[in-house]
2 protein chains.
Amino acid sequence: MPRLDDVARAAGVSKATASRALSGADGVSAATRERVQRTAEELGFRVSGAARRLATGLTRTIGVLTPSVDRWYFGSVLHGVADAADAHEHDVLLYDLGVLGKGGHERFERFLRRGEVDGLVTITWSLGDRDLQRLAELRVPVATVGEPAERTRSFSLDDDTTGVLVTEHLLGLGHRDVLHVSSATEVQPFAASSSDRRATSYERTMAAHGLAARPIVTVPTTLVGAHAAAMALLERPDRPTAIVAGTDEVALGILVAAQQLGIRVPGDLSVTGVDDIPSAAAFGLTTVRQDPAQHGRDVVAWIMRELASPSERPDTSRTTYAPELVVRASTAPPR
Amino acid sequence: MPRLDDVARAAGVSKATASRALSGADGVSAATRERVQRTAEELGFRVSGAARRLATGLTRTIGVLTPSVDRWYFGSVLHGVADAADAHEHDVLLYDLGVLGKGGHERFERFLRRGEVDGLVTITWSLGDRDLQRLAELRVPVATVGEPAERTRSFSLDDDTTGVLVTEHLLGLGHRDVLHVSSATEVQPFAASSSDRRATSYERTMAAHGLAARPIVTVPTTLVGAHAAAMALLERPDRPTAIVAGTDEVALGILVAAQQLGIRVPGDLSVTGVDDIPSAAAFGLTTVRQDPAQHGRDVVAWIMRELASPSERPDTSRTTYAPELVVRASTAPPR
DNA sequence: CGCCGAACCGGAACCGGTTCCACTGTCGGG
DNA sequence: CCCGACAGTGGAACCGGTTCCGGTTCGGCG
C-alpha cells in the first residue's frame, strides 16, 4: 500500500508539497499539482484516514444516535442523513440504541466513551433531557430530529398544527363526534412529546368549534399493538363517527380492526393518520405528510454550516416543518 | 483533553506501561494496572481512536453497504449488525447506496476510495457481481446477507424452500388453482435472485403434485405498486383460489386490493406472503417468517471470527436459514 | 540595476497512541 | 551460591499524514 512518501518521491517533490497537491490546498503550482495527482493515481494511492484524523483532529464523520433503525421513521431520517453526509464527503457512524431501556443506555455510554465524530444527530426517543445535556458538552454540533429539544438544535414536524389540520378536515366534512387515539411514547420525553402535542392540537381545535373533545385514548405505537387495542375500542357502544389517529401505524391498526369487525370505512367511520408512511397510500388513508429523509438532509446541512463557521453560543433554535394534509379515501361525511 | 502521556506521568509510569495497562495487554502487574486505570478515570482520559488506528492499522469498524435503509428488511439487518457490532466494541459505518441506479454506484466508488473498515457486510441488491469481486480484493472479510453470492460468504433465507412451504400449505387445504405473484427485483441479481428462486420452488411444488403452475405474475416490490397491479389482476375472470406472493408487501397489496374489490379473504381467496413483516400479524397474513436482524448478528459473528483467525483462502460458503411457516387467517380451504 | 514581495517548495515538528527490544530485579533450580 | 528464566518496565522507533516556518526563485517596479 503506497504512502504519501512514495507518491512524493515518485513525483519528485516533498511530502509537504504532495500533501498540499492532493488535499487541494493552495501554494502549489498547477503543473506540480497535476503531476502529483497523476502519480498518486498511477500508484493507487489512498490517503490514510487514520493519519489524517490524527493530524487534523477532524474525523469527517457524523454520528447518528437512533432507536431501532428497522422502523420506518428512523430509517427514513437515517437515509436522509446518509445521503447528505455522503454528498459532503462525510461518513456516517450509526449508533442504534435499540428499544429503549433494553441496554440502550449502556450503548449510549459506550458511544460517549468511544465515539469520535465531528457532528451528531440524535433521533427522537433516543435520549432523555439529561443525556442530551451531556452531549451538548461534547463540543461538537448536536441536533435532534423528530422532536423539539431544549438543549440542542432541533428539526421536527410542527405537531401543534397536525391535529388542527385533520380535525378541521373532519369537522368540515360534518363530523361532530371525533375521537383522538394517541400512541404511547416509549420513553420519557423532553418536554411535551409529539403525541402529546398532537393530542393537544386536536383538543384545541374541537374547543374552537365549541365541540366537546372526547378523552384521549392511548394505544401502543406498533401496528399490531394498535390493532389489538382498536378491536376493543371499536366495539364500544359509543363509537365515534371519526377517529384522529396520532400516527399512520395506529390509523392502519384501526382500519384493519374496522374491517374485521365489519365497520365500513369511510362509510361508518372516518379515520386519519399522521406521517404518510408508504403503505398509507395503498390503504387510501387520509393523513398528514412529512418527509423524514428531508429532515435528515436538513440537519446535516446545518451541521456542515456549523462546522464551517461555528456559532459562538450553542445554537438551540428549532426548525419546524409545516404539515401537509393528504386527503384519500378513509374520510367522508358521516352517514 | 488529557493524553496517554499525561496519564502515564500522573501514574508515575511510562507511556508504554500505561498503554499496556489500559488496553488490557499483559506484561503489567495487577497493582500497576489498577493504578493506571484509576488515574485515567480521574483525569477523564479517552484514547484517541485516530492514534490507535494509525498505530495498529485496525479501525474497529465494520461497514455496511445497503440499499435505502428506510425499508424494513434492510433496516432490520442493519439493526442486527449494529447490535452485534456494539457487543464486540466495534463501530458501524453506514453506506446507504440508495435506490440503485440513482447515484448508488458513485457512492460505492466513494466507499472504495475512502472507506476504512475491518470488515464489510453488503445487503442484497446493493451490488452486482463485478462490484462484489472488487470488494473481495479489499483484503477484509466481506459477507453478503439476503442473497447467496458467488464471490463472498453469504447469509440468507433458504428461498428454495419458501415456495414449497406455502404451496404445500395451500394444496393441503385443498387448493388446486394457485397463482404465484413475484416481486420485480430492482437490480441485476448475482445469479438467480431471491424472487426467482422463490418462484421456481413454487413451480416445482406444483409439478410434484401433478398440477399445472400458472405463469408467474411480476409486480413492483413496493406495497403501493403491488396494490395497483393487484387491482387489475384480481378482476380478471380466471382468478385463482389462492395466491402465493413472493413477499409480504406484495401479499398485503393483494389483501388491500381484494378488500376494495369485495373479494373475501380467506373465503374467496387465500393469500400467503414471505418475510413476516411487523404488519403481517395485524393483517392476519399467513406467511413465512425470517429474522433479518438475526442474520445481521450472525454475519458480524462470522466477521469477528474471521478477524480473530483469518482463514487462508477466502471463505465463500453460504449459510441458509430454514424458513418457518406461520399460519394465520389469510388462508383457508377453497369454497 | 537593485530591491521587494509573492508564489512555490522542503525540512521538520507535530498528532497520540502501540510495540519491539533492551534492561532490571527476583525467584527457583542445580 | 550461581545462573538462567521470567515478569515487569522504560526508551524509542514507528504508524502516515498535516502544517508551520523558513528559504529560493522570479517577476515587477522604482
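Hydrogens, waters and symmetry mates play no part in the numbers below; they use all other heavy atoms, side chains included. Chain letters run A, B, ... following the sequence lines, proteins first, then strands; residues in each count from 1.
Among the heavy atoms of the strands lying under 4.0 Å from A:Ser29 are primed sugar atoms or P, OP1, OP2 only; no base atom is included.
Taking side-chain N and O atoms only, A:Ser19 has a distance below 4.0 Å to OP1 or OP2 of D:dT18. Contact annotation: B:Ser14 side-chain N/O to D:dG10 OP1/OP2 distance is under 4.0 Å. Phosphate contact (OP1/OP2 of D:dT19, side-chain N/O of A:Thr56, threshold under 4.0 Å): absent.
No side-chain donor-acceptor contact under 3.5 Å links A:Ser154 to the backbone of A:Glu150.
Atom CG in A:Asp5 sits about 10 Å away from atom P in D:dC15, given to the nearest Å. Separating the NZ atom of A:Lys15 from the P atom of D:dC21 is a distance of 18 Å, rounded to the nearest angstrom. In this entry the distance linking CG of A:Leu58 with P of D:dT18 reads 12 Å, nearest Å. Taking atom CZ of residue A:Arg9 and atom P of nucleotide C:dG11, one finds them 12 Å apart after rounding to whole Å. In this structure, the CZ atom of B:Arg3 is 6 Å from the P atom of C:dC15, given to the nearest Å. Between the P atom of C:dG16 and the CZ atom of A:Arg52 lies a distance of 18 Å, rounded to the nearest Å. The separation between B:Met1 atom CE and C:dC15 atom P is 15 Å, rounded to whole Å. Computed from coordinates, the B:Arg53 CZ to D:dG17 C1' distance equals 15 Å when rounded to whole Å.
For B:Arg20, the side-chain atoms get nearest to D:dG10 when compared with the rest of C:dG17, D:dG10, C:dC9. When each of D:dG17, D:dG10, C:dC15 is scored by its nearest atom to the side-chain atoms of B:Ala16, the top-ranked nucleotide is D:dG10. Side-chain atoms of A:Leu4 lie closest to D:dG17 of the nucleotides D:dG16, D:dG17, C:dG17.
The heavy-atom pair separating A:Thr124 from A:Phe74 by the smallest distance is O-CE2, 3.8 Å.
The base of D:dG16 has none of its N or O atoms less than 3.5 Å from a complementary donor or acceptor on the side chain of A:Arg46.
With salt bridges taken as basic N to acidic carboxylate O contacts below 4.0 Å, none links A:Arg60 and A:Asp118.
Both the sub-6.0 Å distance and the 45° axial angle are satisfied by B:Arg153 relative to the ring of B:Phe155.
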Discussion item. One pair to check against side chain to side chain donor-acceptor pair (under 3.5 Å): B:Tyr95 and A:Asp86. What are the steps and the verdict?
Written reply: CA-CA 8 Å; B:Tyr95 281 81; A:Asp86 185 78; over 6 Å; no
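For the pair B:Ala51 and B:Gly12, nearest-nucleotide mapping onto DNA chain D gives the more 5' position to B:Gly12.
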